[in-house]
Amino acid sequence: MSKYRNSVALILALAAAPALAEGGKLGLGRPALPEEVAAWNVDVLPDGTGLPVGSGSVEDGEMLFSDNCAACHGEFAEGVDNWPELAGGEDTLADADPVKTVGSYWPYLSTTWDYVHRSMPYGNAQSLTTDDVYAIVAYILYSNYLVEDDFVLTNENFLDIEMPNADGFIVDDRAETEYPMWRTEPCMEDCKDSVEITMRATVLDVTPEEEGSTEEVTEAAVTQDTSEPEEVVEEVAVIDPALVEAGEKVFRKCAACHEIGEGARNKSGPQLNGVVGRVMGSVEDFKYSKGFVAAHDQGRTWDEVSITEYLAKPRDFMKGTKMAFAGLKKEADMAAILAYLQAASE
Amino acid sequence: MVTRRGRREFLKGSVATSAALVAAGGARAQTADPLITEIQPWAQSFGDGVDATPYGLPIEFESDVIRRNVPWLTADATSSINFTPIHALDGTITPQGCAFERHHSGAIELAKPDYRLMINGLVDTPLVFTYEDLERFPRETHVYFCECAANTGMEWAGAQLNGAQFTHGMIHNMEYSGVPLRLLLEEAGLDAAGDLADKWVYVEGADASSNGRSIPMEKALDDVLVAFKANGEALRKEHGYPVRLVVPGWEGNMWVKWLRRIEVTPMAVQSREETSKYTDTLADGTSRKWTWVMDAKSVITSPSPQSPITHGPGPLVITGLAWSGHGATTRVDVSKDGGKTWETARLAAPGADKALTRFYLDTEWDGEEMLLQSRAMDETGYVQPTKTQLREVRGLNSIYHNNCIQTWWVKPGGEAENVEVS
């Protein structure tokens with residue numbers, strides 16, 4: 001580095017110093033525009049601050065919940081598989097296995113409104129209108145027996161709702177109840193008379209097998225090493241790998257509810273192996289909506305045309321479908337997902 | 001080509017290996033070792049040239065040192081957690097590539113040019129920063145641990161998961177570079193907030209879960225960092241690239257990833273993650289909230305169920321990790337008999353503030369069974385409690401903040417199992 005450059009740096013540093021001292025501010029960033037703040041600042045405080053004007057009925061909420069939420073949370077907000085249950089569990093918090101739901105546990109209604117509004121439906125966040133959110137929250141209250149079936153939730157009556165567990169929380173008290181006990185000189189010798197093993201993890205046997213992952217890697221590596229180049233060329237000819245790869249990304253929209261590939265199981269949606277060419281409503285042990293049961297009985301088959309129509313507008317294609325998915329908008333995504341569904345099935 | 005072996009095969013093979021080592025330790029070798037007497041291929045011809053791997057991954061022999069999850073824990077991988085392979089690591093820094101992940105709507109891809117950070121609420125001037133703006137603030141570099149409040153949560157009711165990775169792997173420890181949150185708040189100006197004592201900042205991520213937490217202003221102005229580098233390089237996608245919050249000593253859920261908004265508020269927002277989750281239900285059904293600090297804790301990482309003793313009796317290194325959200329770890333004791341007697345372990349380096357500390361107990365193993373435990377103490381004099389002590393205060397229904405003493409039952413063969421003792 002030349003002396004000249006060093007001296008320039010020094011001058012710049014000296015020049016910067018007074019600017020730093022002025023109010024301690026650097027003048028970085030730019031003022032946020034009101035519409036920018038409005039777009040992101042949507043959280044709702046427990047006192048109702050941030051709650052937009054609007055309303056929604058239990059009746060509308062039931063429909064919206066069925067369409068947007070029930071695939072994971074159940075028609076009655078009782079929860080499907082490991083997905084959260086939103087209703088029930090009253091008076092269970094002191095039990096051996098407390099059931100924590102909006103009704104039994106959540107202390108503020110603002111939390112429910114805010115969460116549904118900002119973070120739900122899962123995989124399609126912020127797609128609900130303000131009134132939809134009021135209606136869904138009204139339905140969740142109804143499914144917890146906190147309001148009647150003719151109830152309409154509005155920004156006006158929002159704070160009137162009493163949450164059953166509102167007084168069920170205390171602020172962290174470890175500093176009083178724990179720390180004084182455990183800030184003592186520890187025992188080093190003869191600390192116990194006897195030690196017995198009272199429980200063993202291997203008896204329960206819920207630890208995932210580790211060997212699987214390692215062996216899979218090994219097998220995959222071996223397969224790659226020994227496979228003939230011709231085979232690879234053939235595969236490429238059938239399905240465009242770039243399209244499949246793009247489809248794999250699109251499939252993330254589906255993966256919360258659907259599995260595909262080796263060992264795919266039913267989740268809140270049926271497994272999708274061989275779905276292109278499969279009879280509708282034909283996966284064993286999956287509880288289909290009435291529409292798909294009928295389609296199955298008619299022997300209707302999934303092909304590229306019907307899958308495209310279904311994925312574009314699920315509820316238009318099949319009235320009453322349980323699939324809570326708004327639809328694929330982009331044509332490129334559609335082509336990619338079709339390629340992926342076929343490739344991943346093999 | 002050397003084939004990779006699973007752990008079970010490794011364990012099988014270890015019997016023979018340990019016998020050989022015992023022989024080597026005591027007596028002369030019977031036959032010359034061909035690895036020494038014969039010229040090996042790697043000693044004769046070339047290895048890879050530079051640039052064979054422009055960004056390197058661990059060598060294939062280490063392919064089992066990976067994050068793992070417990071599929072039955074959660075409904076879906078996009079809202080789930082996996083575990084750091086702490087049983088296979090040493091030192092204190094967690095490599096980013098195997099540091100545990102916790103997502104609420106999957107790990108998103110957010111490019112630096114698309115990154116915006118907003119500061120709004122009770123500030124003099126709501127501001128928007130670009131990534132480049134953040135790089136122009138004076139920055140600091142610190143090592144901190146990040147522990148999920150649910151770490152060891154599956155062990156409340158009893159010994160469940162057989163491995164330190166699964167019982168204690170919701171933790172990582174990285175060197176973060178970033179801007180103190182205080183500087184960003186001061187840039188926006190806090191005069192509008194008035195008395196800061198009862199004010200909060202609400203921090204929110206850019207992913208679809210919009211995960212948000214309320215942090216008291218006192219902490220926000222203390223040691224919270226808006227970080228963009230970890231262990232010297234950019235944050236990984238799964239850890240919040242390009243910018244995450246670092247909240248030293250406090251539960252990992254508050255370390256909001258893909259940080260997009262900081263709002264100064266007059267009260268806690270009481271978001272889902274600070275009411276329905278990350279609260280601790282006591283035996284009488286009352287629940288603690290705002291249990292932010294991670295209390296002192298430790299675990300022996302080796303020997304442990306995934307890292308058994310394979311060398312037979314003789315010199316043995318017992319090692320593990322200790323940490324405290326209240327400050328530095330000052331001492332770690334180890335017991336081989338389930339807590340009857342304790343000896344003080346050696347710290348690899350003096351404990352650092354809210355960072356992992358590595359401890360070693362260099363010992364002789366007689367080949368008999370052991371009930372291994374470790375017990376951390378921090379600079380406040382707090383001593384890591386037993387599970388019994390925790391249950392006496394909190395009951396059995398807690399999920400989060402289980403910092404109990406862990407027991408590994410090492411059997412005469414050297415295998416170890418997660419157990420609970422009286």
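Within every chain, numbering begins at 1; the chains are lettered A, B, ... in the order of the sequence lines, protein sequences first and strands thereafter.
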Inset, instruction - Give, as side chain, backbone, both or neither, the part of A:Asp91 having an atom under 4.5 angstrom from any heavy atom of chain B. - result: neither

Legend entry - Between SG on residue A:Cys191 and CH2 on residue B:Trp342, distance to nearest 0.5 Å: 8.0 Å

Legend entry - Side chain, backbone, both or neither of B:Glu204 within contact of chain A (heavy atoms, under 4.5 Å): side chain

Inset, instruction - Looking only at non-hydrogen atoms, find the nearest pair between B:Met377 and A:Pro186 and report the distance. - result: SD-CG, 3.6 Å

Legend entry - Distance-only donor-acceptor check, side chains B:Gln306 and B:Asn162, under 3.5 Å: no

Legend entry - Aromatic contact, B:Trp290 with A:Phe169 (centres under 6.0 Å): no

Inset, instruction - Answer with side chain, backbone, both or neither: which region of B:Thr407 has an atom nearer than 4.5 Å to a non-hydrogen atom of chain A? - result: neither

Legend entry - Per-residue contact mode, B:Leu390 against chain A (heavy atom under 4.5 angstrom): both

Legend entry - B:Tyr382 OH to A:Thr184 OG1 distance, which is reported to the nearest 0.5 Å: 10.5 Å

Inset, instruction - Output yes when B:Lys411 and B:Glu369 qualify as a salt bridge under the 4.0 Å nitrogen-oxygen rule, no when they do not. - result: no

Legend entry - Donor on one side chain, acceptor on other, B:Ser335 and B:Arg375, under 3.5 Å: no

Legend entry - Residue part contacting chain B, namely of A:Trp106, when any heavy atom lies under 4.5 Å: side chain

Legend entry - Salt bridge present between B:Lys336 and B:Glu343 (N-O < 4.0 angstrom): yes

Legend entry - Per-residue contact mode, B:Trp72 against chain A (heavy atom under 4.5 angstrom): both

Legend entry - Side chain / backbone / both / neither for B:Leu161 at chain A, heavy atoms under 4.5 Å: both

Legend entry - Heavy-atom pairs under 4.5 Å with chain A, option from B:Met154, B:Arg331, B:Glu273 with the top count: B:Arg331

Legend entry - Segment of B:Thr167 engaging chain A (4.5 angstrom heavy-atom cut-off): neither

Legend entry - Within 6.0 angstrom of B:Arg136 CZ, more than 12 heavy atoms from elsewhere: no

Inset, instruction - Quick one: which of A:Leu33, A:Asp47, A:Val42 has the most heavy-atom pairs under 4.5 Å with chain B, could you say? - result: A:Asp47

Inset, instruction - Answer yes or no on whether A:Arg200 is positioned over the face of B:Trp409, meaning its NZ or CZ is under 6.0 Å from the six-membered ring centre and within 45° of the axis. - result: no

Inset, instruction - Select one option (side chain, backbone, both, neither) describing which atoms of B:Asp207 are under 4.5 Å from chain A's heavy atoms. - result: neither

Legend entry - Close aromatic pair by centroid cut-off 6.0 Å: A:His258 and A:Phe251: no

Legend entry - More than 12 heavy atoms of other groups within 6.0 Å of B:Glu132 CD: no

Inset, instruction - Select one option (side chain, backbone, both, neither) describing which atoms of A:Glu178 are under 4.5 Å from chain B's heavy atoms. - result: side chain

Legend entry - Winner by heavy-atom pair count (cut-off under 4.5 Å) against chain A, out of B:Asp295, B:Asp284, B:Leu117, B:Thr281: B:Asp295

Inset, instruction - Would you check if the side chain of B:Gln160 reaches a backbone N or O of A:Val206 as a donor-acceptor pair within less than 3.5 Å? - result: no

Legend entry - Partner chain B: residue of A:Pro98, A:Ala125, A:Pro208 with the largest heavy-atom pair count (under 4.5 Å): A:Pro208

Legend entry - Contact origin within B:Arg116 toward chain A - heavy atom pairs under 4.5 Å: both

Legend entry - chain A contact via B:Gln270 - side chain, backbone, both or neither, heavy atoms under 4.5 Å: both

Legend entry - Largest heavy-atom contact set with chain B, pairs under 4.5 Å, which of A:Arg30, A:Met120, A:Glu36: A:Arg30

Inset, instruction - Give, as side chain, backbone, both or neither, the part of A:Val102 having an atom under 4.5 angstrom from any heavy atom of chain B. - result: neither

Inset, instruction - Look at B:Thr125, B:Asn397, B:Asp133 and state which one has the largest set of heavy-atom pairs under 4.5 Å with chain A. - result: B:Asn397

Inset, instruction - Return yes if a side-chain donor-acceptor contact under 3.5 Å exists between B:Arg68 and B:Asn82, otherwise no. - result: no

Inset, instruction - May I ask you to name which of A:Thr177, A:Asp205, A:Asp114 has the most heavy-atom pairs under 4.5 Å with chain B? - result: A:Thr177

Legend entry - Contact leader toward chain A among B:Val293, B:Leu396, B:Asp337, where contacts are heavy-atom pairs under 4.5 Å: B:Val293

Legend entry - Which atoms of B:Ala283 approach chain A - backbone, side chain, both or neither, heavy atom under 4.5 Å: backbone

Legend entry - Residues A:Arg265 and A:Glu259 bridged, charged N to O under 4.0 Å: yes

Legend entry - chain A contact via B:Asn69 - side chain, backbone, both or neither, heavy atoms under 4.5 Å: backbone

Inset, instruction - Could you have a look at B:Met267, B:Arg288, B:Met118 and say which one has the most heavy-atom pairs with chain A under 4.5 angstrom? - result: B:Arg288

Legend entry - A:Asn124, part contacting chain B, at a heavy-atom distance under 4.5 Å: neither

Inset, instruction - Give a yes or no answer on whether the side chain of A:Ser104 reaches the backbone of A:Thr101 with a donor-acceptor pair at less than 3.5 Å. - result: yes

Inset, instruction - For each of B:Gly106, B:Ser209, B:Pro266, tally heavy-atom pairs with chain A at distances under 4.5 Å, and name the one with the top tally. - result: B:Ser209

Inset, instruction - Pick whichever of A:Val171, A:Thr202, A:Asp81 has the most heavy-atom pairs under 4.5 Å with chain B. - result: A:Thr202

Legend entry - Best-contacting candidate, A:Gly50, A:Pro107, A:Ala96, against chain B by heavy atom pairs under 4.5 angstrom: A:Ala96

Legend entry - Side chain, backbone, both or neither of B:Arg272 within contact of chain A (heavy atoms, under 4.5 Å): both

Legend entry - Under 4.5 Å from a heavy atom of chain A, the part of B:Arg260 involved: both

Inset, instruction - Kindly indicate, with the supporting measurements, whether the criterion salt bridge (Lys or Arg N to Asp or Glu O under 4.0 Å) is fulfilled by A:Asp43 and B:Arg261. - result: CA-CA 11 Å; A:Asp43 57 82; B:Arg261 197 168 69 90; 2.5 Å; yes

Inset, instruction - Under 4.5 Å heavy-atom distance to chain A, tell me which part of B:Glu263 shows up: side chain, backbone, both or neither. - result: side chain

Legend entry - Flag for B:Ser276-A:Tyr115: side-chain donor and acceptor within less than 3.5 Å: no

